[in-house]
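The next block holds one structure in the form of structure tokens; read it before the comments.
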Amino acid sequence: MRKSIADRIREAVREAALKSGAVPEGELPQIVVEKPRSPEHGDFSTNVAMLLSARAGRRPEDLAADIAARIDKAAASLSDVEIQKPGFINMRLSRDFLEENLRVILTEAEDYGKSDFGGGEPVQVEFVSANPTGPLNVVSARAAAVGDSLVRLMKACGYDARSEFFVNDSGTQVELLGLSLKARVEEALGRGEAKIPDQGYHGQYLADLAGEIPREKALEMLDDAGETSGRFSRFAVERMHEAQKSGLEAFGVRFDQWFRESSLHTAGRVEETLKALRQSGLVYEKDGALWLKTSGLGDDGDRVVRKSSGEPTYFLSDIAYHKNKFERGFKKVIDIWGPDHHGHVPRMKAAARALRYPEDWLEVLIVQWVRLVRGTTPVSMSKRAGEFVTLSDLVSEVGTDCARFFFLMRRVESHLDFDLDLAKKQSDENPVYYVQYAHARVSSILEFAREAGVGFCTLGEADLKLLQTPEEVAVMRELANFPEYVRAACATREPQRITSYLTSVATALHQFYHHSRVVGTEQNLMQARLVLVRAVRTVIRNGLDLIGVSAPDKM
RNA sequence: GCGCCCGUAGCUCAGUUGGAUAGAGCGGCAGACUCCGGAUCUGCAGGCCGAAGGUUCGAGUCCUUUCGGGCGCGCCA
């Protein structure tokens with residue numbers, strides 16, 4: 001849980017920039033230190049001199065030279081600091097640091113990569129939150145992969161992160177679900193073809209559910225219900241909820257909390273929220289309905305919060321839900337919504353403003369569509385007819401690891417084609433196995449060493465100076481980058497950065513493997529390489545854990 | 001019509017929150033140590049980053065316009 005190397009370098013650069021007197025402390029911009037694309041430019045690079053030169057009235061290269069000379073190399077674990085063309089300051093990590101870092105990795109083990117960046121701040125990530133009216137689709141699957149990974153990332157960065165699923169267990173949709181099930185039950189009892197409401201749920205799953213209800217119980221439920229949907233709704237919602245929950249668990253996703261919309265109504269939270277909104281002075285009546293003046297708060301029109309019928313709108317209970325989140329003490333709330341809800345972002349943010357919550361309190365991520373294809377042909381998905389590939393179908397067809405990895409290879413907001421044929425292939429055509437294979441390969445080397453009776457020396461005994469080939473050094477550099485990638489993936493809410501990082505670690509490992517042997521070389525060199533390989537194993541394992549993918553020892 | 005997302009190699013997508021010579025996987029072609037796992041590795045071919053302007057030392061990245069694709073615009077949830 002120490003400071004990442006990038007943080008230490010940032011600080012050293014910052015201090016050097018201050019000492020150069022280019023600008024007063026207050027005017028110093030955020031220092032950007034990053035890994036250059038080309039290794040010729042060192043391990044880290046900064047552009048401060050170019051950013052400050054205009055204001056300081058000095059030539060970029062002169063200023064760069066001045067700052068570079070003032071960087072405390074020892075404090076930042078640097079061996080070389082050079083300036084280049086337009087005014088870059090390029091830095092190279094010291095050999096000592098790279099060696100020491102291997103020891104750090106093995107010592108910190110599963111903690112390597114973690115930080116206390118978040119300072120224990122309570123944050124909430126809400127995702128999936130699909131209506132309990134049917135099986136989860138693949139967009140929910142994608143959202144689940146993203147949300148779960150984000151929670152893992154935020155925890156690793158020192159946030160007190162909680163996952164939550166909002167269960168939409170009241171309202172029109174639930175009623176329609178009940179009526180649809182009722183029709184299926186009547187059908188199952190042989191009373192003719194099911195009379196499912198037009199807007200109801202036509203999927204086969206409700207017929208299946210109806211079929212599971214024993215005859216006696218079905219008759220009893222029909223008696224109870226009369227013309228209403230009540231009992232069928234409750235029954236169906238509970239069963240759908242359970243099915244969603246177990247499907248997600250099979251996908252490796254467990255929620256800290258399942259929050260029921262109905263609990264807001266029964267506790268009077270919705271009316272209470274309306275009262276709070278009225279106090280803001282932004283509620284007015286028109287056409288017998290109550291409106292919230294969200295225009296002017298970033299929305300493009302006002303929204304109804306209470307219908308002329310007296311019923312609260314879904315929007316109002318959603319506001320009540322977010323008010324509840326705020327009152328639970330979350331300093332930040334991240335909602336992950338499907339693409340069909342992107343139009344709701346402005347109104348929800350407007351509501352947060354109406355309640356005078358901090359401007360950046362609510363963050364909404366939109367997960368984009370997933371198009372399933374087999375080779376080049378799209379898989380037809382008709383939600384209306386209830387015929388679509390579900391989360392559970394996906395898991396049983398391609399497996400959890402594969403599905404999660406595929407979802408997390410892409411940016412959250414990009415539309416993605418999920419090739420089921422490719423995902424199913426257990427061959428080199430499938431990108432998923434590349435990283436896992438690296439882990440299995442390393443495990444296998446260690447196992448081979450054990451079987452050969454090789455004793456592992458202690459960390460202090462290993463002579464890491466012997467790791468000198470370009471491939472070895474490349475691995476060491478790659479491993480040193482991990483904490484910074486974790487931090488960046490968390491800060492930008494972009495878990496795909498971890499996937500891409502892991503791929504480059506795997507590449508470095510595979511290249512090293514083909515270039516040199518571990519077991520069977522000279523004793524001291526072998527011991528040093530064993531340390532290297534164990535460090536790779538730790539980092540890959542930690543990284544895969546962040547995206548919820550297993551790290552197999554054998555494949 | 002208004003709003004959001006996307007447009008990068010033949011295909012699917014990355015691109016380190018404005019950096020230096022734009023990358024990976026798949027597909028194509030040509031190769032790899034009698035030895036720790038060939039689900040790997042090496043090399044070649046493939047690009048005006050949809051288009052046009054602008055901002056600046058510097059743009060795939062930011063702004064404007066435009067073209068194309070997807071999705072939203074209810075007193076539904």
Side-chain angles (χ1 to χ4, degrees), chain A residues 6 32 34-38 40-41 45-47 50-51 53-54 60 84-88 90 131 133 168 170-174 176 199 261 286-291 300-301 303-309 311 313-315 317-318 338-346 366 368-369 371 373 376 406 409-411 413-419 422 425-434 436-438 440-449 451-452 481 484-485 488-489 491-492 494 496-497 499-501 503-504 506-507 509-511 513-515 517-521 526 529 533 554-555:
Chain A
V32 176
E34 54 193 5
K35 182 187 155 202
R37 248 196 272 270
S38 161
E40 296 163 34
H41 298 127
S45 169
T46 181
N47 60 357
M50 290 181 285
L51 292 180
S53 68
Q84 249 165 60
K85 282 188 305 180
F88 287 107
N90 295 336
N131 287 345
T133 52
N168 230 264
S170 57
T172 321
Q173 298 308 313
V174 168
L176 284 167
Q199 300 298 309
E261 183 189 1
K286 191 180 92 181
D287 303 332
L290 287 181
W291 298 68
D300 52 11
R303 307 291 166 184
V304 171
V305 287
R306 196 168 73 190
K307 307 179 204 172
S308 50
S309 66
E311 295 269 295
T313 59
Y314 176 77
F315 180 45
S317 66
D318 213 6
D340 47 341
H341 285 82
H342 72 250
H344 297 231
V345 178
I366 299 297
Q368 277 299 341
W369 294 109
R371 196 176 69 128
V373 295
T376 52
F406 265 62
M409 280 194 305
R410 273 74 182 209
R411 288 212 321 284
E413 69 271 23
S414 73
H415 302 243
L416 98 86
D417 275 11
F418 194 115
D419 187 341
L422 176 62
K425 284 187 188 163
Q426 303 221 337
S427 74
D428 56 357
E429 289 170 64
N430 191 330
V432 180
Y433 300 110
Y434 190 76
Q436 288 188 319
Y437 186 69
R441 171 169 263 171
V442 164
S443 303
S444 165
I445 293 172
L446 295 171
E447 181 56 28
F448 184 86
E451 279 171 13
N481 288 330
E484 184 61 13
Y485 269 86
T492 57
E494 293 180 353
Q496 87 278 358
R497 294 187 188 211
T499 323
S500 123
Y501 168 74
T503 305
S504 52
T507 298
L509 181 276
H510 289 313
Q511 287 172 343
Y513 176 87
H514 278 272
H515 189 264
R517 282 190 64 85
V518 178
V519 181
T521 50
M526 173 175 70
R529 285 181 174 166
V533 150
K554 287 191 169 73
M555 291 172 66

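Below, each value reflects all heavy atoms present in this structure, side chains not excepted, and no hydrogens, waters or symmetry copies. Every chain is numbered from 1 and lettered A, B, ... according to where its sequence line falls, protein lines coming before strand lines.
Among the heavy atoms of the strands lying under 4.0 Å from A/L416 are primed sugar atoms or P, OP1, OP2 only; no base atom is included. At the heavy-atom level, A/P339 lies under 4.0 Å from the strands shown only through sugar-phosphate atoms. Using a 4.0 Å heavy-atom cutoff across all strands shown, A/T499 reaches no nucleic acid atom at all. Using a 4.0 Å heavy-atom criterion, one finds that A/F448 contacts the sugar-phosphate atoms exclusively. Contacts of A/A440 with the nucleic acid, taken as non-hydrogen atoms under 4.0 Å apart, include base atoms. A/D318 comes within contact range of no nucleotide atom at all, as no heavy-atom separation falls under 4.0 Å. Within 4.0 Å (heavy atoms only), A/A289 reaches at least one base atom of the nucleic acid. Looking at heavy-atom distances under 4.0 Å, A/H515 makes no contact with the nucleic acid at all. A/S38 comes within contact range of no nucleotide atom at all, as no heavy-atom separation falls under 4.0 Å.
Rounded to whole Å, the C1' atom of B/C49 lies 13 Å from the corresponding atom of B/A14. Of the C1' atoms belonging to B/A51 and B/G60, the separation is 14 Å, rounded to the nearest Å. Rounded to the nearest Å, the gap between the P atom of B/C36 and that of B/U21 is 42 Å. The separation of B/C71 from B/U16, taken at their P atoms, amounts to 28 Å, rounded to a whole angstrom. With C1' as the reference atom, B/A22 and B/A59 are 12 Å apart, rounded to whole Å. Taking atom P in both B/U66 and B/G27, one finds a spacing of 42 Å when rounded to whole Å. If you take atom C1' in B/C11 and the same atom in B/G28, they sit 12 Å apart, rounded to whole Å. Comparing the P positions of B/G54 and B/U61 gives a spacing of 14 Å, expressed to the nearest Å.
When rounded to the nearest whole Å, the span between CZ of A/F418 and P of B/U12 equals 16 Å. Distance NZ (A/K35) to P (B/U16): 12 Å, rounded to an integer number of Å. One can place CG of A/D340 at 12 Å from C1' of B/C76, the figure rounded to the nearest angstrom. If you measure from atom CD of A/E40 to atom C1' of B/U21, you get 8 Å, rounded to the nearest angstrom. Rounded to whole Å, the distance from CE on A/M50 to C1' on B/A20 is 9 Å. Per the geometry, CG belonging to A/D287 stands 15 Å off P belonging to B/G74, to the nearest Å. Protein atom CG of A/D417 is 12 Å distant from nucleotide atom C1' of B/G69, rounded to whole Å. Put simply, NZ on A/K286 is 13 Å from P on B/G74, counting in whole angstrom units.
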Residues A/E413, A/I366; criterion side-chain contact (heavy atoms from CB on, under 4.5 Å); working and verdict: CA-CA 6 Å; A/E413 69 271 23; A/I366 299 297; 5.8 Å; no
Hey, mind stepping through A/H41 and A/F88 against side-chain contact (heavy atoms from CB on, under 4.5 Å) and telling me if it holds? CA-CA 9 Å; A/H41 298 127; A/F88 287 107; over 6 Å; no
What verdict does the side-chain contact (heavy atoms from CB on, under 4.5 Å) test give for A/F406 and A/V432, after you've listed the backbone C-alpha separation in whole Å, the side-chain angles of each residue and the deciding distance to 0.1 Å? CA-CA 7 Å; A/F406 265 62; A/V432 180; 3.2 Å; yes
Could you walk me through whether A/N168 and A/Y314 pass side-chain contact (heavy atoms from CB on, under 4.5 Å), step by step? CA-CA 10 Å; A/N168 230 264; A/Y314 176 77; 3.2 Å; yes
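Phosphate contact (OP1/OP2 of B/A20, side-chain N/O of A/R37, threshold under 4.0 Å): present. Applying the 4.0 Å criterion to OP1 and OP2 of B/A39, one finds that A/Y437 has a side-chain N or O inside that range.
Of the candidate nucleotides B/G15, B/G37, B/C35, B/G15 has the atom nearest to the side chain of A/Q496. The side chain of A/K307 has B/C76 as its nearest neighbour among B/C76, B/C36, B/G37. Taking every side-chain heavy atom of A/R410 into account, B/C13 is the closest of B/G37, B/C13, B/G15. Among the nucleotides B/A20, B/U12, B/G37, the one closest to any side-chain atom of A/F88 is B/A20.
Closest of all the heavy-atom pairs between A/A438 and A/A506 is CB-CB, 3.8 Å. Considering all non-hydrogen atoms of both residues, A/S308 and A/A289 come closest at N-CB, 3.8 Å. When all heavy atoms of A/R497 and A/Y485 are compared, the pair lying nearest together is O-CD2, 4.0 Å. Contact between A/R517 and A/R529 at its shortest, heavy atoms only, is O-NH1, 2.7 Å.
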Per-residue pairing states of RNA chain B in dot-bracket (Watson-Crick or G-U under 3.5 Å; . unpaired, | other strand) read (((((((..((((.....[...)))).(((((.......))))).....(((((..]....))))))))))))....
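Side-chain atoms of A/T507 come within 3.5 Å of backbone atoms of A/T503 as a donor-acceptor pair (strictly under, hydrogens ignored). Not one N or O on the side chain of A/R411 forms a donor-acceptor pair closer than 3.5 Å with the backbone of A/E494. With hydrogens and angles ignored, the 3.5 Å screen pairs no side-chain donor or acceptor of A/T313 with any backbone N or O of A/R306.
Looking at A/N47, its side chain has no donor and acceptor atom pair within 3.5 Å of the base of B/A20. Side-chain atoms of A/S500 and base atoms of B/A24 include no donor and acceptor less than 3.5 Å apart.
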Whether each nucleotide of nucleotides 2-8 of chain B has a protein heavy atom under 4.0 Å at its base (B), only at its sugar-phosphate (S) or at neither (-) is summarised, 5' to 3', as -BBBS--
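A residue-by-residue look at A/R306 and A/Y513 shows that A/Y513 has its nearest nucleotide of RNA chain B further toward the 5' end. Between A/A54 and A/T492, the one whose closest nucleotide on RNA chain B sits nearer the 5' end is A/T492.
Side-chain N/O atoms of A/E261 and A/S317 include a donor and acceptor closer than 3.5 Å.
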For nucleotides 41-46 of chain B, give me every protein contact, N/O to N/O, under 3.5 Å, one pair per line with atom names.
{"residue": "B/C41", "atom": "OP1", "partner": "A/Y434", "partner atom": "OH", "Å": "2.3"}
{"residue": "B/C41", "atom": "O4'", "partner": "A/H514", "partner atom": "NE2", "Å": "3.2"}
{"residue": "B/U42", "atom": "OP1", "partner": "A/Q511", "partner atom": "NE2", "Å": "2.5"}

